[in-house]
Amino acid sequence: MTSPSMIHAARRAPDALEHVIRMVRVIQERMSGPEEACTIVHLFQAGFTEAQVQAYRDPARALMQGLPTGLRHNPPGRLAAKLALGRVPDIRAAFARRQAAERPTWSAPQVAERAPAEVAS
């Protein structure tokens, strides 16, 4: 028996929807094959773990019927974080330009000769 924590981790994985879609493809291939059925053994042979089979079996069936999967494949803030990650190169480039503009350009030091100071006696 698979532990509930492993099933929970499989359901909340960032790539859970990709696994569900892959499971749907495996099920459809087996259903249209010579056996006309897809068993847990077929899913194991396709590379799914026991936790993944238990976590993704019902969402895969729902997806095949056109129903919502029930998976939270986009937790709150994930979309905002992905959009922010896309802006990182622009932000870094703007920061580098600003630093370059603020940095004084190099020039040779100005040397001025002065008269020697009088020595007090």
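The chain is numbered in sequence order, starting from 1. All values below come from the heavy atoms of this structure, side chains included, with hydrogens, waters and symmetry mates left out.
Within the structure, the ring-ring contact (aromatic ring centres under 6.0 Å, His included) test picks out the following pairs touching residues 21-67 (sequence neighbours left out): H19-Y56. Counting only residues at least two apart or in different chains, salt bridge (charged side-chain N to carboxylate O under 4.0 Å, His left out) contacts with residues 56-71 comprise D58-R61. Evaluation of the salt bridge (charged side-chain N to carboxylate O under 4.0 Å, His left out) test over residues 25-37, restricted to residues two or more places apart or in two chains, returns none. For residues 86-95, no pair satisfies salt bridge (charged side-chain N to carboxylate O under 4.0 Å, His left out), with sequence neighbours left out.
Heavy-atom minimum distance, I27 versus A60: CD1-CB, 4.2 Å. Counting all heavy atoms, side chain and backbone alike, I7 lies closest to Q54 at CD1-OE1, 2.9 Å. R22 and A46 make their closest contact through NH1-O, 3.2 Å (heavy atoms, listed as atom of the first residue, atom of the second, distance). Minimum heavy-atom separation, A10 to A55: CB-CB, 3.8 Å.
Both M31 and I21 belong to a single network of hydrophobic side chains, linked directly or stepwise wherever heavy atoms of I, L, V, M, F, W or Y lie under 4.5 Å apart. V53 and L17 fall within a single hydrophobic cluster, where Ile, Leu, Val, Met, Phe, Trp and Tyr side chains are chained together by heavy-atom contacts under 4.5 Å.
Using modelled atom types, no side-chain atom of E102 and backbone atom of Q99 make a donor-acceptor pair closer than 3.5 Å.
Think of L85 as one node in a network of Ile, Leu, Val, Met, Phe, Trp and Tyr side chains linked at under 4.5 Å; its network also takes in V88.
Partners of E50 according to the side-chain hydrogen bond (donor to acceptor under 3.5 Å, both in side chains) rule, which considers only residues two or more places apart in sequence or in another chain, are T2.
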